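Bear in mind the structure is a predicted one, so any value in this text is a computation, not a measurement.
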Amino acid sequence: GTLTQNSMTVVSSDPSEGNDDFDINLYYAAIALNSTAELDGDNVIGNPTEGALLLWMKSKGADYTKYRHESVVESSVPFSTETKYMETTAVYGGKKHVFIKGAPEIVIGMCDIADEERKKASEQLLSYQHKAMRTLAVATDYKLQAIVGISDPIRKDVPDAVRQCHDAGIDVKVVTGDTAATAIEISRQVGVFGDAHINDISDSAIISGSEWAALSDDEALERAGMIMVMSRARPSDKQRLVKMLQKRGEVVAVTGDGTNDAPALHYAHVGLSLGSGTNVAKDASDMTLLDDSFGSIVNAVMWGRSLYKNIQRFLFFQLTVNVTALLLVLGGSIIGTAIPLTVTQILWVNLIMDTFAAMALASLSPSREVMKEKPRRQTEFIISRKIGGYILTWGFVFFIVLIGLLIYFGQSGNVVDIHELTIFFTIFVMLQFWNLFNAKALGSNKSALDHIGIEKGMALVLLLILLGQWMIVTFGGKMFRTVPLSFNEWGIIVAATSPVLWIGEIIRLIKRI
């Protein structure tokens with residue numbers, strides 16, 4: 001359902017064409033009575049595959065409700081993913097009939113059929129499967145009536161979404177109850193095999209549910225990572241695959257829409273049911289895709305990775321300020337200067353560091369750039385070695401600049417006055433102001449000024465920091481231990497601290513080149 005449009009259409013020919021002995025009414029009865037679906041106009045209520053057969057009957061001018069009203073159902077065996085067929089015993093036309101519908105290989109195996117007819121049915125079946133069609137066999141009284149080919153077109157957005165998954169280091173495995181040929185062809189069309197030719201795909205990548213069930217746990221554990229397509233899978237096969245992948249240390253997400261998908265949805269790290277699916281599937285899942293689209297999964301991964309990166313950016317910015325402030329307190333006490341920042345000034349810095357930075361970085365739009373990265377390890381610490389290096393480097397650079405400024409102001413034994421401390425406080429804040437741009441671009445080679453005009457949250461926070469600092473310096477007085485600065489002084493401070501951004505921009509430019 002996430003790969004195809006869930007728009008089932010019977011495309012096989014009418015089995016009565018060219019066969020005068022074929023009882024078309026008995027065939028219509030087999031479709032109408034051995035079904036749980038209903039039609040509301042041209043809309044299907046219930047199973048979409050069964051609904052496609054009822055719509056085909058309607059296109060032939062046959063009313064399925066007429067056959068139901070004229071018959072008496074005595075017993076029925078519902079479709080099961082274990083048996084892969086359904087059976088209904090009913091009285092139609094004054095005679096008792098057994099109607100069977102299900103997986104062609106199962107139904108054909110139940111039928112009394114000549115070798116020539118079996119060969120013809122197999123050839124027809126393969127021709128449908130190689131066109132990525134779903135296939136069904138319909139039989140009455142254990143005599144094969146027809147092999148039905150049902151088309152379900154691939155969603156247009158799926159091939160690109162699968163490619164993005166591969167680029168992002170995400171393996172896509174198709175696990176389906178359909179036949180091997182159908183599963184392989186659909187997988188080929190959506191790009192599960194990547195650029196590889198179908199003939200170059202390893203035999204280890206394709207497996208049937210019965211073959212998978214026959215593997216020992218050790219064999220299954222080794223094979224799980226290689227599998228790309230599993231056909232004729234039962235609920236237990238899906239669940240076992242999830243467990244084996246988890247045992248290998250993989251993070252597993254499962255999509256599904258049916259009751260039979262519930263065990264796998266429940267055991268997966270992330271269960272994704274379809275909006276058009278059953279309530280059982282939805283209850284067993286963590287999320288529901290309202291649009292049934294595989295592309296929504298890719299978008300969710302992009303948002304998740306972007307959010308994680310935004311948290312890293314926030315920590316980089318916050319801890320850089322912390323390292324700088326701690327070193328200043330320590331360095332100030334060593335060189336014997338007064339506390340360079342007052343409690344109220346530190347509270348303002350803390351407001352910038354926590355609230356404003358969180359607002360700015362959390363509001364950044366998700367970037368497709370994160371989908372070019374490989375998944376991180378589950379055990380990986382959120383502050384990577386690289387980010388930790390950036391924090392210490394920038395924190396130490398800021399400390400050297402600021403402690404050097406304090407030493408300059410205190411030359412010749414002069415007491416550092418309020419005017420000089422105001423300049424010191426403003427330079428401290430402006431260094432963090434420019435570093436917020438670097439935090440925005442952390443983990444990316446793009447310019448920090450890229451899309452700055454459309455990142456309204458970021459722009460607003462930058463404006464608030466500038467405006468807030470000007471108001472505190474100009475009107476803070478004794479409360480903030482500040483005196484007003486001239487326009488020229490503001491210009492010099494802004495220009496002198498801006499290399500924090502330009503150095504970062506040069507480094508990112510070199511990486512882009």
Side-chain angles (χ1 to χ4, degrees), residues 314 317-363 394-395 397-440 456-501:
F314 169 71
F317 178 79
Q318 185 185 55
L319 293 178
T320 300
V321 179
N322 279 335
V323 167
T324 306
L326 287 169
L327 288 174
L328 275 176
V329 171
L330 180 63
S333 63
I334 290 173
I335 66 175
T337 63
I339 297 174
L341 295 173
T342 68
V343 172
T344 50
Q345 287 173 348
I346 290 174
L347 284 173
W348 166 240
V349 170
N350 197 59
L351 185 64
I352 296 171
M353 181 175 68
D354 284 344
T355 309
F356 286 174
M359 288 168 57
L361 298 172
S363 67
W394 282 111
V397 168
F398 292 163
F399 163 70
I400 292 297
V401 170
L402 292 167
I403 202 72
L405 193 65
L406 280 177
I407 293 171
Y408 172 75
F409 286 151
Q411 281 181 342
S412 303
N414 295 332
V415 176
V416 180
D417 61 27
I418 293 179
H419 179 258
E420 290 170 331
L421 287 173
T422 301
I423 293 174
F424 173 87
F425 170 48
T426 304
I427 288 176
F428 180 94
V429 170
M430 290 308 301
L431 287 172
Q432 312 313 324
F433 172 85
W434 292 115
N435 198 38
L436 189 55
F437 285 90
N438 289 332
K440 173 182 178 289
K456 295 180 180 177
M458 183 80 175
L460 177 62
V461 166
L462 291 169
L463 183 63
L464 284 173
I465 293 173
L466 277 177
L467 186 60
Q469 183 66 20
W470 177 81
M471 291 183 69
I472 288 171
V473 166
T474 306
F475 304 109
K478 291 183 179 180
M479 181 184 293
F480 282 91
R481 199 187 66 185
T482 58
V483 293
L485 298 177
S486 68
F487 182 81
N488 285 340
E489 287 174 321
W490 271 104
I492 292 169
I493 290 171
V494 170
T497 55
S498 65
V500 172
L501 169 61

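Counting heavy atoms from C-beta on, the side chains of T482 and Q345 come closer than 4.5 Å.
The distance between the ring centers of F437 and W434 falls below 6.0 angstrom.
Contact between F424 and L341 at its shortest, heavy atoms only, is CE2-CD2, 4.0 Å. The shortest heavy-atom contact between Q469 and W348 is OE1-NE1, 2.8 Å. The heavy-atom pair separating S486 from E489 by the smallest distance is N-OE1, 2.8 Å. Closest of all the heavy-atom pairs between G395 and L327 is O-CD1, 4.3 Å. Pairing each heavy atom of L436 with each of M458, the nearest pair is O-CE, 3.5 Å. In terms of heavy-atom proximity, T324 sits nearest to T320 at OG1-O, 2.8 Å.
Remark: the backbone N or O of V500 is not paired with any side-chain donor or acceptor of N435 at under 3.5 angstrom. T474 contributes no side-chain N or O that, together with a main-chain N or O of M471, makes up a donor-acceptor pair within less than 3.5 Å. In this structure, E420 contributes its side chain and D417 its backbone to a donor-acceptor pair below 3.5 Å.
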**Message:** F317 vs K440, test: side-chain contact (heavy atoms from CB on, under 4.5 Å). Steps then yes/no.
**Reply:** CA-CA 9 Å; F317 178 79; K440 173 182 178 289; over 6 Å; no

**Message:** Please determine whether side-chain contact (heavy atoms from CB on, under 4.5 Å) holds for the pair L431 and I427, giving the CA-CA distance in whole Å, both sets of side-chain angles, and the decisive distance to 0.1 Å.
**Reply:** CA-CA 6 Å; L431 287 172; I427 288 176; 4.2 Å; yes

**Request:** Begin from the C-alpha positions of M430 and I465 and carry the test side-chain contact (heavy atoms from CB on, under 4.5 Å) through to its verdict.
**Result:** CA-CA 9 Å; M430 290 308 301; I465 293 173; 5.9 Å; no

**Prompt:** Does the side-chain contact (heavy atoms from CB on, under 4.5 Å) test come out yes or no for V349 and F425, once each step is laid out?
**Reply:** CA-CA 10 Å; V349 170; F425 170 48; 4.2 Å; yes

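Ring planes of W394 and F398: tilted class, angle from 30 to 60°.
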